[in-house]
Amino acid sequence: MARGSAARLLAPARALFSKHYGPELPTPFLGGLRHFAGLARPKEEKEGWRDIMEKIRNIGISAHIDSGKTTLTERILFYTGRIHEIHEVRGKDGVGAKMDSMDLEREKGITIQSAATYCTWDGHQVNIIDTPGHVDFTIEVERALRVLDGAILVLCSVGGVQSQSITVDRQMRRYEVPRLIFINKLDRMGADPWKVLEQARHKLGHNCAAVQIPIGLEGELRGLVDLVQYKAFYFDGVHGEKIIPDEIPLNLASFATEKRRELIEVVSEVDDILAETFLNDEPITSDDLEMAIRRATISLKFIPVFMGSAFKNKGVQLLLDGVVNYLPCPIEVTNHALDQTKNEEKVSLSGSPEGPLVALAFKLEEGRFGQLTYLRIYEGTIRRGDFMINIQSGKRIKVPRLVRMHADDMEDIQKAHAGEIVAVFGVDCASGDTFTDGSVKYTMTSMNVPEPVMSLAIAPASKDMGGQFSKALNRFQREDPTFRVGLDRDSGQTIISGMGELHLDIYVERIKREYKVEAVVGKPQVNFRETITQRAEFDYLHKKQSGGQGQYGRVIGYIEPLTEGSDPKFQFENMMIGQAIPSGFIPAIEKGFKEACNSGSLIGHPVENIRVVLTDGAAHAVDSSELAFKLAALYAFRLCYPKAKPAILEPIMLIELKAPSEFQGPITGDINRRKGMIMGNDQEGDDCILTAHVPLNNMFGYSTALRSMTQGKGEFTMEYREHAPVTQDVQMQLMNNYKKTKAAE
Ligand code: GDP
């Protein structure tokens with residue numbers, strides 16, 4: 001996979017906090033908590049923990065590849081005192097930036113595994129989490145976005161809004177993550193922040209406005225004017241660490257007035273309090289404007305646009321002020337859990353450290369000291385030595401060690417509260433598991449994980465590597481519930497399954513990189529399923545009496561289709577009246593049918609949505625055995641399955657596609673050729689946005705096809721929707737292929 005081709009989300013962030021901290025660096029301006037005055041919460045209602053929560057920001061940083069996300073993150077860590085040197089990213093010094101802790105990530109430039117880090121700014125804990133960005137990692141992206149309360153979207157002032165920014169932004173919109181924009185690389189030739197801001201309005205549909213204007217551009221970039229404070233700021237010192245406030249330069253005065261007015265107008269449109277002051281022509285103070293921007297940003301009605309150059313050390317501290325001033329704290333966002341005692345009914349969490357514990361394990365990492373589990377605490381408090389219940393597995397676990405993470409370093413802590421992000425050691429769990437103190441049975445993510453849609457056969461190139469190979473597969477399975485490992489019964493091959501081609505590709509690559517195992521892989525295959533469409537009766541007698549003890553078992557009953565969405569997808573019912581078959585043999589009969597359903601006779605794929613009903617049968621006092629009944633069930637199924645009008649189901653994907661409207665014709669034609677169904681067609685500026693349902697089997701190589709159809713300007717996301725019956729001709733074709741491979745074996 002080429003470096004540039006990897007879609008990249010970026011980096012969400014967040015980390016943890018502690019109760020007592022002090023600003024590690026002088027605050028340039030905008031100190032204190034005055035920005036919270038706008039939250040209109042009566043003082044007497046505030047409890048101690050609210051004050052603590054108000055000083056936490058859990059954020060992510062997202063960008064299209066090469067926009068400068070890594071450079072920006074590293075500068076943030078430097079200015080907040082978490083690191084003491086600046087390394088150039090992917091740089092000549094070969095050190096690399098701190099956040100990219102995996103070789104593979106550094107080389108490919110894509111962020112696959114998250115690293116969480118925390119830092120403090122202006123008396124606030126800013127927790128940053130780096131997340132996987134590719135759309136194939138739906139579950140991981142989803143989980144990462146849940147953990148964030150806000151995000152920074154980095155855009156390049158030359159490249160502007162690029163395809164990955166669009167995807168990332170759409171995901172954040174879907175998960176209602178308030179965000180700031182940072183237009184980076186103002187020092188580059190051709191930098192045009194105003195063009196990029198217009199693109200954010202048109203391509204991303206943002207209601208946004210600049211909160212800054214640059215002083216000089218390209219090689220002349222000297223500083224920034226803050227339109228809220230209405231002041232100029234320059235960045236002095238070797239790494240721009242000294243912030244020098246000053247008057248707005250005379251030559252920029254009228255431009256600054258114009259842009260401040262634009263900012264006020266845009267925010268007034270979505271904030272009634274500011275609108276009133278503005279319409280009454282009353283003076284608008286910095287505080288008025290700041291509070292209005294905060295309210296509008298948190299309510300997702302506005303996106304403030306910051307500017308600067310991470311590389312040239314300009315503007316990063318002002319952006320950090322923006323994170324503190326404009327992005328929400330954990331209690332300003334509503335988090336929901338699913339109550340497992342009430343059929344996953346949604347419950348909102350109070351966010352109080354005093355409530356019952358609810359924490360989500362959102363990331364696992366193999367650390368130096370064993371498995372490290374990152375937790376976001378949504379409610380309650382975790383103390384070292386406490387017991388927690390893993391709601392998914394039901395296991396009770398002691399918290400042996402609690403740490404807060406900073407890329408590869410860690411700090412031991414005694415307790416952590418709601419709103420924080422921490423890591424625990426030695427806790428056996430999978431990503432996505434929820435921990436509580438046992439008083440509630442909540443989960444933060446649905447227990448229903450989508451079934452993998454694509455599989456491939458994989459084996460280590462050399463037998464000696466078997467141990468490492470299994471270790472890798474075990475770990476990936478624990479980290480990612482959509483990644484499964486199984487065995488092909490016929491060939492004995494190891495089969496890995498996941499949510500798409502790239503998803504599997506990445507794991508194959510990680511086996512090589514992290515576990516140093518060369519792997520031989522087969523062609524990716526779509527996970528078809530089989531099902532039945534009508535009821536069919538069975539009456540089968542299995543009888544063998546050639547010497548020794550014979551075998552005797554007769555089963556009578558029927559199979560019928562289950563309604564869509566039934567759970568479990570295989571059901572067995574014993575409706576026999578009387579004791580025609582001794583009850584001790586019934587489990588063997590169920591097992592026989594279940595085993596038969598592992599591989600349907602159409603194309604050898606699992607049979608689902610089927611109910612087997614046993615109505616009668618017969619047994620022999622001497623010759624009946626569990627084996628005899630299991631075999632009777634297997635053969636009964638084989639005979640009656642073709643009579644139940646079996647059908648093949650294939651995964652249908654939901655495709656969302658965006659491209660300049662001029663390409664709509666060819667794109668639609670191509671979707672039709674792929675037997676897709678166009679479900680929606682919208683216009684956004686000069687772009688068309690199409691949604692379609694397309695069989696996954698027809699989507700191989702689609703990224704390349706779309707790129708060539710749209711001169712590289714189209715982008716798409718794909719997620720699993722449902723399994724649906726294939727057409728009759730496809731069914732015939734798949735069955736013929738299956739017969740051919742069977743014959744060749
Ligand atoms: P990422 O892929 O988004 O993480 O981007 P990186 O931080 O790795 O940056 C990509 C390239 O852009 C690197 O060569 C950086 O040195 C360079 N870069 C990052 N920020 C700036 C900036 O503000 N100005 C300029 N001129 N280059 C930058």
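Only this structure's heavy atoms are used, side chains among them; waters, hydrogens and symmetry mates stay out. Atoms within a ligand are numbered from 1 in the order they appear, just like the ligands themselves. Residue indices begin at 1 and follow the sequence shown.
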- ligand 1-proximal atoms of Thr70, by part, heavy-atom distance under 4.0 Å: both

- Do the side chain of Arg201 and the main chain of Cys208 share a donor and acceptor less than 3.5 angstrom apart? yes

- Message: Check the orientation of Tyr507 and Phe476. Use parallel for under 30°, tilted for 30 to 60°, and perpendicular for over 60°.
- Response: tilted

- Query: Within 45° of the axis and under 6.0 Å from the centre of the six-membered ring of Phe362, does NZ or CZ of Arg376 qualify?
  - Reply: no

- Looking only at distances, please establish whether an N/O atom of ligand 1 is found under 3.5 Å from an N/O atom of Ala310. yes

- Query: What distance do Tyr374 atom OH and Arg404 atom CZ have between them, rounded to the nearest 0.5 Å?
  - Reply: 13.0 Å

- Item | Contact (N/O only, under 3.5 Å) between Gly68 and ligand 1 | yes

- Indicate yes or no for a side-chain donor-acceptor contact from Asn184 to the backbone of Ser67 under 3.5 Å, with no hydrogens or angles considered. yes

- Query: Any nitrogen or oxygen of Ser67, main chain or side chain, under 3.5 Å from a nitrogen or oxygen of ligand 1?
  - Reply: yes

- Numbered atoms and elements of ligand 1 in range of Ser309, under 4.0 angstrom, heavy atoms: 22 (C), 23 (O), 24 (N)

- Query: Short N/O distance, under 3.5 Å, between Gly308 and ligand 1?
  - Reply: no

- Which is it for Lys185 and ligand 1 at heavy atoms under 4.0 Å: side chain, backbone, both or neither? both

- Can Arg146 be said to sit on top of Tyr175's aromatic six-ring, NZ or CZ under 6.0 Å from centre and within 45° of the ring axis? no

- Check: Thr71 N/O within less than 3.5 Å of ligand 1 N/O: yes

